[in-house]
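What follows is one structure encoded as C-alpha cells, with my remarks underneath.
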Number of protein chains: 2
Amino acid sequence: MLDPRKLHLLRELSRRGTIAAVAEAVTFTPSAVSQQLSALEREAGVRLLERTGRTVSLTAAGHVLVEHAHAVLEQLERASAALAAARGGPCGPLRIGAFPTAARVLLPPALTALTGAHPGLVPMVSEIDPADVSAALRAGELDVALVHEYDFVPPPADASIETEPLFREAMYLTVRASVAAARDDAWITNKPGTLCHAMTIRACQAAGFEPDVRHHVDDFDTVLAFAAAGQGVALVPRLAATAPPPGVRLTRLPLARRTLAAFRRGNGDHPAIRAAVTAFHTAVPHLPLDDSA
Amino acid sequence: MLDPRKLHLLRELSRRGTIAAVAEAVTFTPSAVSQQLSALEREAGVRLLERTGRTVSLTAAGHVLVEHAHAVLEQLERASAALAAARGGPCGPLRIGAFPTAARVLLPPALTALTGAHPGLVPMVSEIDPADVSAALRAGELDVALVHEYDFVPPPADASIETEPLFREAMYLTVRASVAAARDDAWITNKPGTLCHAMTIRACQAAGFEPDVRHHVDDFDTVLAFAAAGQGVALVPRLAATAPPPGVRLTRLPLARRTLAAFRRGNGDHPAIRAAVTAFHTAVPHLPLDDSA
DNA sequence: GTCGAGCGTAAGCTCAACTTATGCTCGACC
DNA sequence: GGTCGAGCATAAGTTGAGCTTACGCTCGAC
C-alpha cells in the first residue's frame, strides 16, 4: 500500500523543486526526504525523480502520482474533518493566518464572534503574507488563513487549497489622480516577495511604465505617512485608508482587491473551520467598506 | 495524519464483526489488530469501538470513519493503478478468481486471448465461490474475479468492490416442467454457503415450499448424473447443461443468472485489470449461450 | 580553479508495530 | 449454576522502518 506520508513529500517536491526545500518545510533532514522518496520510487516500480543538474525534477510518472497524491491527501483530510465533527462542536486550538490589514481590521470582531459562539475554541493568530499561506496550510502550520488577491496578480492554482470569498474592496492611489499620472513619481511599495508589491509593479506595467520604487514599507499607515511627507506615491486598499493623514489625497481606482478565507481542500467541513469562516463572514459588515465595487 | 492501514483494519472490522476475524483475514494476531485499532481510536479522539458482549461493534463515529476509509482506500487504489499504467502495458502476475463453471467454460478462451495480447502477463487462477470473492479482493489475495448473481439472491452491496456485467444465462430445471411441480421431489443443491445453494432455496420458497434437500453436490456434471439416476431434481445454469446425460429433461425457467467481473473499486484503470475484463468480454461470444434472455 | 549548494549513501539509534504470554469477561452448554 | 471456550485487552519482548549524523560526489557560479 502506498504511504500517504511519502506522497505528501512527493507533492511538496513538485511545488518546491528541491529535496532540501522539502526537508526544511517538513523539518526533516534532506537525507530523510531523499530516503523516503527513494523508497517511494522502489514501491512504485517506476522512476519518479531524475537528477537535472544540481537538483531533482519529476518524471512524467512522478507528475501523474502527484495528481493522485492530491486526491488521497484530500480524502484523508475529509476523514480527519469528519472525526473532528464526531468529537462534537468546534473546540481546541485553531491556527489562523492573516495578512496584517486583516489582522487589524477583520480579526478583532471575527474572533469576538468566534470565541463567543464556541468557548472551547482557542484561536491562535499569526501574521503571514498571502504568498506564503498555501505552504503553511499544507505543512499543517495553519488551519485557516485570510488571504487576498489583486487584479493583475492571478492567484497560483493550488489543487490542495480551497478558498471562500469574503469581500472586495477598491484600491486607492495617493497624491495623483491616476496611475499614469504618477509615471515619474517615486513609489512606495511593500517588500519584494509580497503580493502587494507584485500588485503595484503590475498596475504600473499595465499603465505602461516601470515604477521607480524608492521605499519598501509593509505597514500601510507608514506608507501614508511617507506619502504625506511627500516621499512618493503608493497604492493602498480601502481598509488601509480609513484615516488618511491630512494632506494625503486618495483617488479611488477601478482596481479591486479580494479577501478570501483559505484552508486545506477537504477540510472545509471541519467544525472549527466552518465556525471560523462563518465568523469571518459575520465580521465583514462591520468593516468600513463604503463601497461594494 | 490518519494511517490507511489502520483504516483498512477498521473497514474489515465493520464487515467481519470481530477482531479475531479481521486478524485472520490479514494474517495478524488478534492482539496486533486490537492494538492498531486502539491506536486509531487514540488518534481519532473519539470512541470508535465498544464492547458488546463478547465482541466489539462500531460506534456512530466508527461507522462515519468507515465511510471515509472507503474513499481513502479507493483513492490509494487509483494511485496504484496509475503507477501500474505508468510502468507500461499489462505485465506481471494477475490473480484471477472464478467460480467453477466459469473456470471451465469462460476462462480457457479468455486466458488464451489475454496472454496472446499481453505476453508479459502471468495469470494465476483460483476457483472461489462468489460469496467469498469480495473478502478475497479486499484482502489483496485476488485482483479480479468472475462472480455471478441470481434472481432472488440480491448481491450484498459492497462499497469497496466494483463489478462489470459480462453476460446473462437462463436457468434450467431437471426432470420436472416447473419448480412448483417439483414440490415433493428430493432436491440436489450445491453446498450450503454458496450462492447456488441460496438460489435453489429461494426459488423454491418463491414457489411456495421448502425444498427437501437430499444431496449437496457442487459439480454440475455430477448433479446431472444424479438427476439421470433418479436421485432428485436440480436447478442448473445454461452453461452447466451443455451436454446433459440421456434421459435428463431440461426445462428452461424464467430465471436468470448474471456473470460479472469484480475488482477493487478504483482499480478498474489498472492495465492488467482492463486487459482481463476485455479478454472476458471477447470470450463471451464463444460460449454456448443459445439464448440472450 | 575554487567553493558552496544539493543530492545520495553508510552507519547508528529510536520508536512503532508486531509477536508471545497471560488474564479477564461473556455466553453457551450440560 | 458451574464449566469451558471464544473473544478482547494488556504486558513484555523483538524486529524493522525511519530518522539522524557523517561523509563523498557532482554541478554550477564566481
Side-chain angles (χ1 to χ4, degrees), chain A residues 1-59 61-62 65-66 69 72-73 76 135 139-140, chain B residues 1-59 61-63 65-66 69 73 76 135 139-140:
Chain A
M1 176 160 4
L2 291 168
D3 181 354
R5 297 172 64 253
K6 299 191 179 88
L7 293 179
H8 175 68
L9 294 179
L10 187 72
R11 185 175 74 169
E12 287 302 300
L13 183 65
S14 82
R15 301 210 119 251
R16 299 178 188 272
T18 76
I19 289 181
V22 175
E24 201 237 331
V26 297
T27 57
F28 282 171
T29 59
S31 174
V33 175
S34 175
Q35 290 176 47
Q36 289 298 299
L37 290 176
S38 295
L40 180 62
E41 238 178 350
R42 195 175 341 113
E43 293 159 20
V46 210
R47 298 293 300 169
L48 301 173
L49 282 58
E50 54 190 358
R51 287 292 288 253
T52 55
R54 209 157 44 172
T55 77
V56 292
S57 57
L58 292 181
T59 64
L65 189 52
V66 165
V72 168
L73 295 169
L76 281 171
Chain B
M1 176 156 13
L2 290 169
D3 182 353
R5 297 173 64 251
K6 298 192 179 89
L7 293 179
H8 175 69
L9 293 178
L10 187 71
R11 185 175 73 168
E12 286 302 299
L13 182 65
S14 81
R15 302 210 116 250
R16 299 179 187 271
T18 75
I19 287 181
V22 175
E24 201 237 330
V26 297
T27 57
F28 283 170
T29 59
S31 174
V33 175
S34 175
Q35 289 177 47
Q36 289 298 299
L37 290 176
S38 295
L40 180 63
E41 239 179 348
R42 196 175 339 114
E43 294 159 19
V46 210
R47 297 291 301 168
L48 300 172
L49 281 57
E50 55 191 359
R51 287 292 289 253
T52 55
R54 209 159 42 173
T55 78
V56 292
S57 58
L58 293 180
T59 64
H63 281 112
L65 189 53
V66 165
L73 295 170
L76 281 171

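Remember, it's a predicted structure, so these values are computed and weren't measured experimentally. Chain letters run A, B, ... following the sequence lines, proteins first and then strands; every chain starts at 1.
Of the residues in residues 18-25 of chain A, none lies under 4.0 Å from DNA chain D by heavy-atom distance. A heavy atom closer than 4.0 Å to some atom of DNA chain D occurs in no member of residues 39-50 of chain B.
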Summary of protein contacts for nucleotides 19-30 of chain D, nucleotide by nucleotide, where a base hit scores B, a sugar-phosphate-only hit scores S (4.0 Å, heavy atoms): BBB-----BS--
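Between the CE atom of A/Met1 and the P atom of C/dA17 there is a distance of 13 Å, given to the nearest Å. Taking atom CG on B/Asp3 and atom C1' on C/dA16, their separation rounds to 11 Å, with Å as the unit.
Counting heavy atoms from C-beta on, the side chains of A/Val66 and A/Arg15 never come closer than 4.5 Å. When side chains are defined from C-beta on, A/Leu58 counts as touching A/Leu10, because their heavy atoms get closer than 4.5 Å. Between B/Val26 and B/His8, some side-chain heavy-atom pair lies under the 4.5 Å cut-off. Looking at B/Leu13 and B/Leu49, their side chains come closer than 4.5 Å, going by heavy atoms from C-beta outward.
When all heavy atoms are compared, the tightest approach of B/Ser57 to B/Thr52 is OG-CG2, 3.0 Å. Taking every heavy atom of both residues into account, B/Arg47 and B/Ala61 meet most closely at O-CB, 3.8 Å. Considering all non-hydrogen atoms of both residues, A/Leu76 and B/Met1 come closest at CD1-SD, 3.9 Å.
Searching all strands for a Watson-Crick or G-U wobble partner of D/dC30 with both distances below 3.5 Å returns C/dG1.
Here B/Leu37 contributes atom CG and B/Leu48 contributes atom CG; the two are 8.5 Å apart, rounded to the nearest 0.5 Å.
Using a 4.0 Å cut-off between charged side-chain N and carboxylate O, B/Glu24 and B/Arg16 make no salt bridge.
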Go through A/Leu40 and A/Leu2 one step at a time and tell me if the side-chain contact (heavy atoms from CB on, under 4.5 Å) criterion holds. CA-CA 8 Å; A/Leu40 180 62; A/Leu2 291 168; 4.1 Å; yes
